[in-house]
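Owing to the predicted nature of the structure, the values given are computational and were not obtained by experimental measurement.
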Amino acid sequence: MKRIEVEGLPDEPLAAAGLFHQNWLDPIERALGAGQDVMVALEPADHTHGEWRKAVAAMLARKHTPQRVNLVAGTGGSLAAIEDYLSTAPGITGQYLQAAS
């Protein structure tokens with residue numbers, strides 16, 4: 001599973017979604033198109049970012065089936081634990097998960 005780290009998104013949800021699509025969508029889709037499963041690691045954000053993140057995860061998963069793609073917000077050991085789990089959970093795709101802090 002390829003891990004793509006997304007950093008530096010703005011605090012404002014609409015601006016964050018726009019910057020994500022502008023800078024990160026292409027590398028994610030290239031990895032999926034090359035046959036890799038992808039975990040997109042995001043910095044934690046408040047609840048106002050949940051809807052756009054869920055939508056991105058779902059739409060990427062639909063578009064790139066059978067490859068798996070999940071968005072995960074978190075840091076450190078919690079993020080690593082989710083990554084370990086996803087690498088052995090072949091049925092999970094199109095999810096936005098938030099690691100415990």
Side-chain angles (χ1 to χ4, degrees):
M1 175 170 292
K2 181 175 180 77
R3 179 175 175 168
I4 296 177
E5 300 266 348
V6 174
E7 298 174 332
L9 294 179
D11 290 335
E12 200 281 316
L14 188 58
L19 194 62
F20 177 88
H21 282 83
Q22 181 180 2
N23 294 340
W24 298 100
L25 193 59
D26 184 56
I28 293 166
E29 289 201 280
R30 275 189 276 125
L32 291 165
Q36 295 179 294
D37 292 333
V38 175
M39 183 187 92
V40 179
L42 300 159
E43 295 173 347
D46 66 29
H47 72 280
T48 61
H49 291 261
E51 292 302 318
W52 75 262
R53 290 176 175 197
K54 290 175 192 174
V56 166
M59 287 186 278
L60 283 170
R62 283 186 204 109
K63 182 176 179 181
H64 293 282
T65 298
Q67 300 322 125
R68 297 183 306 126
V69 58
N70 295 287
L71 276 65
V72 182
T75 59
S78 296
L79 185 63
I82 291 177
E83 183 175 18
D84 288 344
Y85 172 72
L86 289 174
S87 69
T88 61
I92 299 178
T93 189
Q95 301 299 308
Y96 170 53
L97 306 169
Q98 298 177 68
S101 42

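Residues meeting the side-chain hydrogen bond (donor to acceptor under 3.5 Å, both in side chains) test with Gln36, sequence neighbours left out: none. Take Thr75 and apply the side-chain hydrogen bond (donor to acceptor under 3.5 Å, both in side chains) test, not counting sequence neighbours, and it matches no residue. Partners of Ala16 by side chain to side chain contact (heavy atoms under 4.5 Å, CB included), not counting sequence neighbours, listed by chain and number: Leu9, Pro10, His49, Trp52.
Taking both residues in full, the closest heavy atoms of Ala57 and Val69 are given as O-CG1, 4.2 Å, listed atom of the first, atom of the second, then distance. Pro44 and Ala73 make their closest contact through CA-CB, 4.1 Å (heavy atoms, listed as atom of the first residue, atom of the second, distance). Scanning all heavy atoms of the two residues, the minimum distance from Tyr96 to Arg53 falls at OH-NH1, 3.0 Å. The shortest heavy-atom contact between Lys2 and Ala31 is CD-CB, 3.7 Å. Ala41 and Arg3 get closest at one heavy-atom pair: CB-NE, 4.1 Å. Nearest heavy-atom pair, Thr48 versus Pro13, reported as atom, atom and distance to 0.1 Å: OG1-CG, 3.3 Å.
Residues Val40 and Phe20 form a side-chain contact, since some pair of their non-hydrogen atoms from C-beta on lies under 4.5 Å apart.
For the salt bridge (Lys or Arg N to Asp or Glu O under 4.0 Å) condition, no pair includes a residue of residues 9-23, sequence neighbours left out. For the side-chain hydrogen bond (donor to acceptor under 3.5 Å, both in side chains) condition, the pairs that include at least one residue of residues 56-67, sequence neighbours left out, are Glu29-Lys63, Glu29-His64, Asp37-Gln67.
If you chain together ILVMFWY residues whose side-chain heavy atoms come under 4.5 Å of each other, Leu79 ends up grouped with Met1, Met39, Val72, Ile82, Tyr85, Leu86, Ile92, Leu97.
Remark: Glu5 CD to Trp24 CH2 distance equals 8.5 Å, nearest 0.5 Å. How far CG of Leu42 is from CG of Leu71: 5.0 Å, rounded to the nearest 0.5 Å.
Cluster membership check: Val38 shares its hydrophobic cluster with Leu25, using side-chain heavy-atom separations under 4.5 Å among Ile, Leu, Val, Met, Phe, Trp and Tyr.
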